[in-house]
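Just so it is clear, the values below take in all heavy atoms, side chains as well, and ignore hydrogens, waters and symmetry mates. Per chain, numbering begins at 1; letters A, B, ... match sequence-line order.
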Amino acid sequence: MTSRFYITTPIYYVNARPHIGHAYTTIACDTIARRQRMLGADTYFLTGTDEHGVHVERAALSAGQAPQQWVDEVSSAFRALWERMHLTYDDFIRTTSERHKRGVQQLWRRIRDNGYIYKGSYSGQYCVFDELYVDAVGAGAPCPECGRPTETVHEENYFFKLSEFSGKLLKLYTEQPDFIRPETRRNEVLSFVRSGLRDLSISRSTFTWGVPVPDDAGHVIYVWLDALSNYITALGYGSDDDGKFQKYWPADLHMIGKEIVRFHCVYWPAFLMAANLPLPKAIVAHGWLLFEENKMSKSRGNIVRAESILDVLGSDALRYFLLREVVFGQDGSFSFDALVQRYNADLANGLGNLASRTLTMIQRYFHGEIPYPSHAAARKPADDEIVAIAEKTIADYSTLVDQYHFSRALECAWSLVAAVNKYIVETEPWTLGEQQDEMSRSRLATILYTSAEALRIVTAMVHAVIPDATARIWAQLGLGDIKKLALRELKWGQLRLGTKLGSIEPVFPRADKMTIERMQKMEDQQRPTLATAEKSEPATQAQPAAAQRPTATPLPPPASASPDGQISIDDFAKVELRVAQVKLAEKVKGADKLLRLEVDLGTEVRQIVAGIAEAYLPETLIGRKVVVVANLAPRKLRGLESNGMIVAASPEGGKAVLCGFLEDVPLGSRLK
RNA sequence: GGCGGUGUAGCUCAGGUGGUUAGAGCGACGGUCUCAUAAUCCGUAGGUCGUUGGUUCGAGUCCAACCGCCGCCA
């Protein structure tokens with residue numbers, strides 16, 4: 001019986017276009033899925049988009065679009081990118097699809113019929129932004145997720161009896177220590193569950209963009225219950241044809257980011273238990289991909305898209321970099337510099353060059369046919385060493401990669417590459433190539449066979465990671481279609497003598513100095529366009545790219561003032577003043593005058609460092625609406641990046657007085 | 001504030017159960033070969049192993065306190 005393997009990515013929220021963070025998760029899953037297929041497993045790889053919730057509704061409205069139109073666009077952007085990257089997913093689920101909605105409602109009914117859903121009422125604080133009920137006292141208390149002031153609400157909701165599952169969940173974590181990886185996430189979940197679980201509100205009635213609660217159209221199902229269900233609805237759960245569900249569920253692996261551990265490790269198993277459905281076998285949480293040590297964010301303007309990398313270096317380069325550079329499970333750092341360095345050192349100089357030199361010599365000395373020694377005496381200890389290293393590498397690599405230690409696995413694979421390069425230098429096949437005697441020819445044949453066979457083995461092993469280049473090396477080795485490779489049977493000596501090489505060409509041409517600039521330039525060019533495309537972000541849209549990246553684009557010339565000091569209306573229009581609300585304020589260490597603020601512009605939260613500490617205590621500012629210069633170029637103060645400026649009156653010799661409003665104004669409103 | 005984690009060469013990290021001169025990769029520098037994508041290969045780099053105490057014949061490796069960073073929770 002063939003084994004089955006069902007693997008999922010999270011479904012991506014369509015409030016933003018795909019970037020390399022999304023690509024990272026999906027690449028990791030694609031690698032695992034490809035490997036499982038090569039190992040002969042009947043593999044099913046699912047990804048998709050999460051399209052419900054108040055954020056999406058809001059984004060669509062502000063773009064003047066119907067929600068459905070909006071989500072169609074963004075969802076297709078994800079699929080377009082995945083196609084370009086040759087990601088081999090088997091299905092793409094959208095939460096707005098009928099098949100999904102039907103399945104979610106079915107799951108709801110099942111949980112309800114089992115007695116785990118009840119109608120209750122909630123009065124307290126609610127964060128509209130995060131759709132989150134907040135356990136806090138006092139009107140306007142800040143949301144623990146985003147820091148925005150919460151609203152006091154009284155509403156009827158459906159609740160899930162999460163509190164009844166503490167014991168069962170703890171039993172699950174104990175009996176299956178590998179249910180949650182890595183260990184540190186497991187510890188978090190354990191302490192969360194041990195501290196006691198409260199029932200979970202699983203419906204919302206304040207907006208409509210969601211899946212209606214069965215038999216009560218006034219409510220929509222909580223986005224997380226909606227979203228998590230995708231893992232089974234995509235398999236046909238709740239439909240007439242649930243063959244795939246029967247076949248593939250439970251999932252072998254849910255791959256997720258560390259920010260959604262709780263939903264996957266606590267809520268999801270509890271929902272499934274309540275519905276009497278089998279639980280997934282494992283959940284693996286990876287870390288975040290940072291850009292040069294910083295979190296990628298819209299306000300920083302440092303989100304890296306995958307497109308420029310694909311255009312310049314190709315998808316293999318990105319795949320290899322992400323899996324090799326980042327210790328899986330931990331946060332990792334992306335930079336163009338590191339990408340190019342890895343590319344040149346490992347792919348071009350390492351594997352690419354090994355293929356090139358080996359194949360060229362076989363071409364030159366043996367007319368392009370894999371040679372084999374005619375004399376047993378031509379064999380030397382160095383050859384056997386390579387065989388031993390190769391066999392050990394096959395074993396070690398597969399152990400590591402099957403534990404999702406991609407970085408160490410690739411390091412291990414490359415140790416074979418290095419060993420073969422060294423072997424070639426030490427055995428000097430080019431010297432033997434000048435000799436015509438039979439012994440020299442035999443020795444030369446041994447060396448080149450050994451090199452080519454080692455190359456074949458590395459190529460086969462890492463195919464799941466760098467599929468395109470390895471397919472080409474495979475063809476150059478004269479081995480045809482790499483897809484037919486049975487990885488499980490991979491071992492030394494399978495390369496047949498006489499195999500005719502294909503045409504040889506470099507697979508990883510070296511990247512020159514201009515490479516980084518080219519990618520960077522593409523990113524910069526893309527940003528203004530994206531700002532326009534992402535209509536959900538009026539603040540970003542209005543913000544010229546020049547303001548975000550002062551080094552990349554020349555700054556506009558200073559506003560031309562007339563001799564009497566007057567400016568034109570156009571000059572004033574360059575200053576983008578907007579209403580924002582302070583959600584967090586704290587003193588900057590070591591600075592008497594500075595406060596670090598986080599302000600909400602309605603569409604984004606950004607950090608501003610303001611020199612008002614002598615005039616205001618931080619805690620008095622929280623919740624206050626202020627005026628912000630939104631398109632001011634970022635600047636570092638005391639090591640903190642300030643993205644804008646708070647407008648205040650500055651009397652001579654007196655303390656600053658913040659600008660405010662007598663009437664209430666919506667966040668993000670522009671002053672003009 | 002509670003719980004958990006973490007701090008080792010310029011960078012990224014290895015260093016079960018304490019034991020001779022603390023390791024690897026990359027980068028940098030010097031050298032070599034020439035089959036190869038100016039690639040390969042060889043050599044060099046002397047890091048208070050966060051700080052301070054303690055246990056021990058002996059601690060990067062155990063304990064305590066402190067400092068820094070991170071995560072989860074409140």
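- Using C1' as the reference atom, G7(B) and G19(B) are 25 Å apart when rounded to the nearest Å.
- Spacing between atom CG of Leu416(A) and atom C1' of G25(B) amounts to 16 Å, rounded to whole angstrom units.
- Of the residues in residues 175-188 of chain A, those placing a heavy atom less than 4.0 Å from an atom of RNA chain B are Arg185(A), Asn187(A), Glu188(A), in numerical order.
- Straight-line distance from the NZ atom of Lys422(A) to the P atom of C41(B): 9 Å, rounded to whole Å.
- Heavy atoms of Gln330(A) sit under 4.0 angstrom from primed sugar atoms or phosphate atoms, though from no base atom.
- Rounded to the nearest Å, the gap between the P atom of G30(B) and that of A39(B) is 14 Å.
- In this structure, the CG atom of Leu400(A) is 17 Å from the P atom of G25(B), given to the nearest Å.
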Under 3.5 Å, which donor-acceptor pairs do the side chains of residues 354-370 of chain A form with other protein atoms, sequence neighbours left out?
residue, atom, partner, partner atom, Å
Arg357(A), NH1, Asn421(A), OD1, 2.7
Thr358(A), OG1, Leu354(A), O, 2.7
Thr360(A), OG1, Ser356(A), O, 2.5

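- C62(B) and A14(B) are spaced 15 Å apart, taking the P atom of each and rounding to whole Å.
- Toward the 5' end of RNA chain B, the nearer of the two residues Lys258(A) and Tyr423(A), judged by each one's closest nucleotide, is Tyr423(A).
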| Along nucleotides 32-37 of chain B, 5' to 3', which nucleotides get a B, which get an S, and which get a -, given that the test is a protein heavy-atom distance under 4.0 Å? | -SSBBB
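- Rounded to the nearest 0.5 Å, atoms CE (Met255(A)) and NE2 (His286(A)) are 8.0 Å apart.
- With sequence neighbours left out, Arg342(A) forms a salt bridge (charged side-chain N to carboxylate O under 4.0 Å, His left out) with Glu325(A), Asp346(A).
- Here Arg443(A) pairs with Asp383(A) under the salt bridge (charged side-chain N to carboxylate O under 4.0 Å, His left out) rule; sequence neighbours left out.
- Comparing A22(B) with G47(B), their C1' atoms are spaced 9 Å from each other, to the whole Å.
- Protein atom CG of Leu290(A) is 10 Å distant from nucleotide atom P of G71(B), rounded to whole Å.
- A45(B) and A38(B) are spaced 24 Å apart, taking the C1' atom of each and rounding to whole Å.
- Partners of Arg186(A) by salt bridge (charged side-chain N to carboxylate O under 4.0 Å, His left out), not counting sequence neighbours, listed by chain and number: Glu183(A).
- Whole-Å rounding puts the Glu325(A) CD to G27(B) P distance at 12 Å.
- The salt bridge (charged side-chain N to carboxylate O under 4.0 Å, His left out) contacts involving residues 400-410 of chain A comprise Arg35(A)-Asp402(A), where partners must be two or more places apart or lie in separate chains.
- Comparing C33(B) with C42(B), their C1' atoms are spaced 10 Å from each other, to the whole Å.
- Residues Pro280(A) and Leu272(A) come closest through the heavy atom pair CD-CD1, 3.5 Å.
- Between U8(B) and U51(B), the distance separating the two C1' atoms is 15 Å to the nearest Å.
- Atom CZ of Phe263(A) has more than 12 heavy atoms from other residues, nucleotides or ligands within 6.0 Å.
- Met519(A) has its side chain within reach of Val340(A): a pair of non-hydrogen atoms, C-beta onward, lies under 4.5 Å apart.
- Sequence neighbours left out, the pairs with a member in residues 384-393 of chain A that pass side-chain hydrogen bond (donor to acceptor under 3.5 Å, both in side chains) are Arg379(A)-Asp384(A), Lys392(A)-Asp396(A).
- Distance OH (Tyr343(A)) to P (G27(B)): 16 Å, rounded to an integer number of Å.
- Checked against the 6.0 Å centroid criterion, the rings of His264(A) and Tyr231(A) qualify as a close aromatic pair.
- For the side-chain hydrogen bond (donor to acceptor under 3.5 Å, both in side chains) test, no residue two or more places apart in sequence or in another chain qualifies with Tyr13(A).
- With sequence neighbours excluded, no residue forms a salt bridge (charged side-chain N to carboxylate O under 4.0 Å, His left out) with Asp512(A).
- The strand RNA chain B forms stems, runs of 3 or more Watson-Crick or G-U wobble pairs with distances below 3.5 Å, at B:1-7 with B:67-73, B:10-13 with B:23-26, B:28-31 with B:41-44, B:50-54 with B:62-66.
- Using a 4.0 Å cutoff on non-hydrogen atoms, no part of residues 444-452 of chain A comes near RNA chain B.
- Taking the six-membered ring where tryptophan is involved, the planes of Phe271(A) and Phe160(A) are perpendicular, since the angle between them exceeds 60° and thus also 30°.
- Taking CG of Leu479(A) as the reference point, atom CD1 of Ile473(A) lies at 11.0 Å (rounded to 0.5 Å).
- With C1' as the reference atom, U6(B) and G15(B) are 15 Å apart, rounded to whole Å.
- Atom CZ in Arg262(A) sits about 13 Å away from atom C1' in G71(B), given to the nearest Å.
- At whole-Å resolution of the value, CG in Leu190(A) and P in G5(B) are 12 Å apart.
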